[in-house]
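A short write-up of the structure that comes next.
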Amino acid sequence: MGEGQEKCLQITESVQIAKEANTTESSETVINQTKITHKANYMKWLKIFLYTIFLLLGQSVATLLGRLYFDKGGKSKWLGTLVQVAGFPIFLPYYIITATKQKTNTNNISQTEQQPTLLKLVLVYVSLGLLLAADCYLFSFGLMYLPVSTYSLISSSQLAFNAIFSFFLNSQKFTPPIINSLVLLTISSTLLVFQTESDGSAKNKASKAKYIIGFFCTIAGSAGYGLVLSLTQLFFNKVIKSESFRAIMDMIVYRSLVACLAILVGLFVSGEWRGLKREMDEFELGKVSYVMTVVWTAIIWKVYTVGCVGLIVEVSSLFSNAVCTLGLPIVPVAAVIFFHDKMSGMKGVAMALAIWGFISYGYQQYLDDFKSKKNSRSPL
């Protein structure tokens with residue numbers, strides 16, 4: 001009996017030691033998973049912050065440079081369209097630098113991820129590129145014929161169009177904070193219509209006919225761009241199925257290449273290319289400033305595109321558009337500094353409402369993030 005009791009005690013102790021070891025291993029696993037989750041969330045929010053900065057700065061500076069081009073003697077709508085997509089070659093060094101790594105990782109990637117076919121990718125980039133070219137051309141009309149504040153106001157309608165397209169294409173859910181954000185952002189930009197009369201000198205104000213053309217072109221461009229953003233999110237989720245920076249670069253470069261080729265065809269078919277030399281000679285700020293304005297506009301629009309597409313991948317097309325709308329009141333405020341427009345309390349109210357609306361949308365993202373963390377911590 002004594003030996004039997006000793007064996008039972010030894011077995012009991014072994015079981016307890018095994019349980020303690022399993023518990024320790026489980027605790028370490030949970031801690032490691034928590035650390036990984038925290039790191040992933042930190043990196044996600046860091047990328048969202050950086051993409052937001054790229055979008056806001058790119059949108060504001062590029063819009064002001066586009067307005068500068070037309071104000072100082074630029075007349076080519078096709079060139080004003082081309083600079084919105086032609087800056088993609090600045091990303092070519094990225095492909096050269098990562099070429100070696102891409103070759104070494106190709107086998108592993110092909111084994112773990114199902115890559116879309118070449119035909120699907122071509123259809124995605126061509127369709128988005130052609131839509132983007134059409135939108136940029138329409139926006140070029142608006143920027144040429146409308147004051148900055150009116151252009152910004154009408155462009156804000158892309159948020160409503162994007163919300164509608166996202167509801168049908170991306171299964172976007174409308175929660176109270178998101179609805180509040182959409183309303184506030186729309187109102188903030190709508191307030192800018194009251195500043196139309198104070199923007200620009202009398203000689204720069206468009207005629208009634210040109211104003212109407214610019215108005216409807218900007219509305220059509222906003223609707224088309226809302227569709228482009230929703231389709232971009234749809235293609236990332238359903239076709240590309242990747243959130244890597246390489247996938248973002250591919251989307252930007254290839255669709256911009258298609259759009260650039262389409263716009264170049266329009267530039268030469270329309271015959272506007274013949275007047276570019278004279279336009280550069282007559283530019284009020286000089287030839288060097290003309291070239292620098294065109295080049296930097298093209299580059300900064302690509303900075304904006306990185307932020308825009310990055311936010312679509314990290315969050316959603318509607319969030320990306322909400323940030324775009326947040327940046328719209330920045331343009332009239334910046335115009336006070338660079339174009340000597342008058343600053344009024346209405347513009348300050350518009351900016352405050354835009355920030356409030358953006359915070360409301362950010363709060364919804366915080367709730368979603370908190371909910372995902374809570375679900376990940378709950379036992380299976």
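These numbers come from the heavy atoms of this one structure, side chains and all, not from hydrogens, waters or symmetry mates. Since this is a predicted model, take the numbers as computed values, not measurements.
Under the 4.5 Å side-chain contact rule for hydrophobic residues, M249 and V122 do not share a cluster. Hydrophobic clustering (side-chain heavy atoms under 4.5 Å, transitive across Ile, Leu, Val, Met, Phe, Trp, Tyr) groups L79 together with Y151. No continuous path of ILVMFWY side-chain contacts below 4.5 Å connects L132 to L138, so the two sit in separate hydrophobic clusters. Cluster membership for L130 and V239, using ILVMFWY side-chain heavy atoms within less than 4.5 angstrom, is not shared. Hydrophobic clustering (ILVMFWY, side-chain heavy atoms < 4.5 Å, transitive): W45 and F319 are in one cluster.
Residue Y94 places its OH atom among more than 12 non-hydrogen atoms of other residues, nucleotides or ligands, all under 6.0 Å distant.
Taking 4.5 Å as the limit, some side-chain heavy atom of I252 sits within range of a side-chain heavy atom of V306.
Aromatic ring pairs are classed by plane angle as parallel below 30°, tilted from 30° to 60° and perpendicular above 60°; the pair W273 and F268 is tilted. In this pair, Y69 and Y290 present their aromatic rings tilted. The plane angle is within the 30 to 60° band. Between Y125 and Y254, the two ring planes are tilted [angle within 30° to 60°].
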Practice task
Could you check S320 against V315 for side-chain contact (heavy atoms from CB on, under 4.5 Å), going step by step and ending with a plain yes or no?
Solution key: CA-CA 8 Å; S320 179; V315 188; over 6 Å; no

Exercise for the section: Determine, stepwise, if the pair K72 / S289 fulfils side-chain hydrogen bond (donor to acceptor under 3.5 Å, both in side chains). Expected result: CA-CA 10 Å; K72 299 304 179 180; S289 296; over 6 Å; no

Handout entry: Stepwise side-chain hydrogen bond (donor to acceptor under 3.5 Å, both in side chains) test for S155 and S222
Key = CA-CA 6 Å; S155 296; S222 298; 4.6 Å; no

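Not one N or O on the side chain of Q158 forms a donor-acceptor pair closer than 3.5 Å with the backbone of Y225. Distance alone, capped at 3.5 Å, places no donor-acceptor pair between the E282 side chain and the G73 backbone. Of the possible polar contacts, one joining the Q84 side chain to the G80 backbone as a donor-acceptor pair under 3.5 Å is found. With hydrogens and angles ignored, the 3.5 Å screen pairs no side-chain donor or acceptor of S60 with any backbone N or O of L57. In terms of modelled atom types and a separation under 3.5 Å, the side chain of S140 and the main chain of C136 share no donor-acceptor contact. Panel note: side chain E279, backbone S76; a donor-acceptor pair is recorded below 3.5 Å. Judged purely by atom type and a 3.5 angstrom limit, Y145 has no side-chain atom pairing as donor or acceptor with the backbone of I212.
Here Y137 and F141 bring their ring centres to under 6.0 angstrom of each other.
Summarising the geometry of L169 relative to L234, their closest heavy-atom pair is O-CD1, 3.5 Å, with the distance given to 0.1 Å. T305 and R255 make their closest contact through CG2-NH2, 3.7 Å (heavy atoms, listed as atom of the first residue, atom of the second, distance).
Residues satisfying the ring-ring contact (aromatic ring centres under 6.0 Å, His included) criterion with F70, sequence neighbours excluded, are absent altogether.
The closest side-chain donor-acceptor pair between K77 and S270, if any, does not fall under 3.5 angstrom.
Separation of atoms CZ (F49) and OG1 (T52) is listed at 8.0 Å; rounding is to 0.5 Å.
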